[in-house]
Amino acid sequence: MQSGTLYLQRLRQLLQMEYDYEKEEFLVQSEKMGIQRKIHRGICWYPVEAGRSYYNSLNQLVVEIVKKRQQEDEEDIEHLFEYGKPVQFFSSPLFDAEKQTSQSSSQKHYYAISSTVSYVDGDKMVVTLPSSQALIDLQNAQNLGVQLYFDETSYKTMFHALDEVINAKNNRLADLRDIVAGQQKPEKRTFTPMQFPWLNKTQEAAVNEVLWAKDVAVVHGPPGTGKTTTLVEAIYETLHRETQVLVCAQSNMAVDWISEKLVDHGVPVLRIGNPSRVNDKMLSFTYERKFESHPDYPELWSIRKTIRQIRENRKRGDNVHQKIARLRDRATEIEMAINAQLFDEARVVACTLVGSANKLLVRHKFSTLFIDEAAQALEPACWIATRRASRIILAGDHQQLPPTIKCYEAMKQGLGKTLMERIVENQPDTVTLLKVQYRMNDAIMKFSSDWFYHGQVESDASVKHRSVLDWEHPIQWIDGNEMLQQVNEELTEENKLDIDFTEQFIGETHGRINKSEAELVLTTLRNYIDKIGQKRFLDERLDVGIISPYKVQTQYLRQQIRRREEFKPFRQVVSVNTVDGFQGQERDIILISLVRSNENGQIGFLSDLRRMNVAMTRARMKLIIFGDKSTLQHHTFYRKLIQYVEVSAEGAD
């Protein structure tokens, strides 16, 4: 077993590999990739307009950037802009759709403006600007565009955190490092377990383990087992013993989700960083909104405005330094007082893992750090927040979506191993598995339970037999080639159907698509709605999720649903997304389009079985999987899954 410092030094090397790879990839994208390709990858908006500007509560100059759509299908594109991401502005001649000319880097003018996203809502984003001159440049720009810039800050923060943990000696951080590495035994408190009649036995056990833990605890929550409910209860009970806790997650969306649940529980939350879903409920507990609502804020705003006016209007020879210094001192005094009050009133401080390095938290220490969706976070990111805490509680499921890693070599050598996985491996006694699921029909759940959780997850009686239609089997596999062959066997030679279910590779977006399979998905869905009855389907507000691991397939499916009149009554209840886009969600009916169909049995990243686990376990009552058996059955998992579906369906007949 490696010492804490040795494995972290190796982890730092792997993070450096990922940094170098991602930076090089970004440079290639910037220099060689055309604008249309960037737009389809979700890393660029073009063209855009610079709208109104103002100073926000943090005294940053910000400007609204509005996207002007050029193509009908742009709403299908999942963009990657979110709070805290750095962006780069450019101007370029407009794309000529008729001539299909793509802008090269020589035609673009890049602005030397350092900007970050403040928030994004639909076709509008707000970004920070370094100066009023930068604002003037953007407002005067012709054919303006904005694209994601390489995120140096997040990497620097992770490197700094790793260095601090590696060099830690004779302090709490060193203890936690050695416990994670398995070099030191975690300790527990001893007191009578508490009872929570509204939780099941494993949820109750998990909350008690969190309360007993002196160093670390892990809540392992498979799909539908109430992980968030358990975590919220654990946080709520911890706050009976501690004044304030830090709650983090990898993504803004995950932070928003747990924060909302805590607010619903009556817990005062201070959200550092802007939420990904911009609505009044989310904004009301952000630091910025609370800061602006403070009774002393109007005085602070007035002082800041006066300072800006003095600087803008001063003439050569004017000695305004002393006046500005006095005003700045008063502004600092008010700002510190507001800041202190906001933190004093909060019982939970919530932010992303990287966001925990925010200067607002520089002098804050917490007894307990809770990390939600811990299995999706890179280990170095977890150490950023862990530096601020005396003990850590992790919640998640390492059998679902892993962290996003772009460098294959770094992933192969272990960068994808999360802090949660390391603790599960080195300190198994700290882990509590939640074993009762409340989402799926038992037949949908069972294969996942057997393959990923050693058969330990069971269905609650309330969902065990839930279904859309009586007497139908809840899980189904549809193979387009197999179905076509059966149909053609009953047709004469001249009437045989000629449909190609072979996948296609779309070079422009580096994705795979199977249009014939997509058509089969839509036909199956339409027929199933008719079988249910349109009136019942709409009256009971049944919802449908269509999932594909391939982004270009989801874009095609969305486009077809939007264009076809037959789907118009159902568009509000049918959502299409990638596996990542459905993480943490559930639907009554799920259809999965696996896309891959080729002669070589190649399945690409479908071999990351954790993604398939996520996709299958989104369904409450009906799961329909579309895939070419001859291609997929080369892999043991898919061969077993196909057998399971066929055998369980036969048993139900």
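Residue indices begin at 1 and follow the sequence shown.
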Judged by atom type as modelled, is there a donor-acceptor pair below 3.5 Å linking the side chain of [X] to the main-chain atoms of [Y]?
| X | Y | value |
| --- | --- | --- |
| E299 | P295 | no |
| R347 | E242 | yes |
| T128 | T116 | yes |

State plainly whether the residues [X] and [Y] are in salt-bridge range, i.e. N to O under 4.0 Å.
| X | Y | result |
| --- | --- | --- |
| E335 | R304 | yes |
| E379 | K417 | no |
| E373 | K227 | yes |

Steps toward side chain to side chain donor-acceptor pair (under 3.5 Å) verdict (Q13, Q9) | CA-CA 7 Å; Q13 292 172 351; Q9 285 168 351; over 6 Å; no

Mind running side chain to side chain contact (heavy atoms under 4.5 Å, CB included) on L283 and E288 for me, showing each step along the way?
-> CA-CA 8 Å; L283 284 171; E288 286 84 350; over 6 Å; no

For [X], does the [atom1] atom sit with more than 12 other heavy atoms under 6.0 Å from it, leaving out its own atoms?
| X | atom1 | answer |
| --- | --- | --- |
| Q322 | CD | no |
| Q133 | CD | yes |
| Q16 | CD | yes |

Let me know which of R172, R177, K188, R189 forms a salt bridge (charged side-chain N to carboxylate O under 4.0 Å, His left out) with D215.
-> R172

Give, for atom CG of L8 and atom CG of L6, the distance between the pair rounded to the nearest 0.5 Å.
->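 So the gap between those two atoms works out to 9.0 Å.
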
Test side chain to side chain contact (heavy atoms under 4.5 Å, CB included) applied to Y287 and F343, step by step | CA-CA 9 Å; Y287 177 86; F343 275 93; 4.2 Å; yes

Stepwise side chain to side chain donor-acceptor pair (under 3.5 Å) check, R271 with N252 = CA-CA 10 Å; R271 171 75 159 92; N252 279 294; 3.0 Å; yes

Could you walk me through whether C407 and E18 pass side chain to side chain contact (heavy atoms under 4.5 Å, CB included), step by step?
-> CA-CA 5 Å; C407 176; E18 175 75 358; 3.1 Å; yes

Give me the ring orientation class for F26 and F150: parallel if the planes are under 30° apart, tilted from 30 to 60°, perpendicular past 60°.
-> tilted

Relative to W212, does K214 satisfy both conditions: NZ or CZ under 6.0 angstrom from the six-membered ring centre, and within 45 degrees of the ring's axis?
->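 Geometry flag: not set, cation outside 6.0 Å or 45°.
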
So, for [X] and [Y], is the gap between ring centers shorter than 6.0 Å?
| X | Y | value |
| --- | --- | --- |
| H109 | F90 | no |
| W45 | F81 | yes |
| Y21 | Y408 | no |

Give the intermediate values and the outcome of side chain to side chain donor-acceptor pair (under 3.5 Å) for residues Y46 and N143.
-> CA-CA 8 Å; Y46 178 83; N143 302 325; 4.7 Å; no

Going through the checks in order, is the ring pair (Phe, Tyr, Trp, His ring centres under 6.0 Å) test met by Y155 and Y19?
-> CA-CA 7 Å; Y155 277 105; Y19 168 85; 5.2 Å; yes

Stepwise side chain to side chain contact (heavy atoms under 4.5 Å, CB included) test for R52 and V63 = CA-CA 6 Å; R52 75 183 186 100; V63 62; over 6 Å; no

Would you check if V219 and L394 make a side-chain contact, meaning some heavy-atom pair closer than 4.5 Å?
-> no

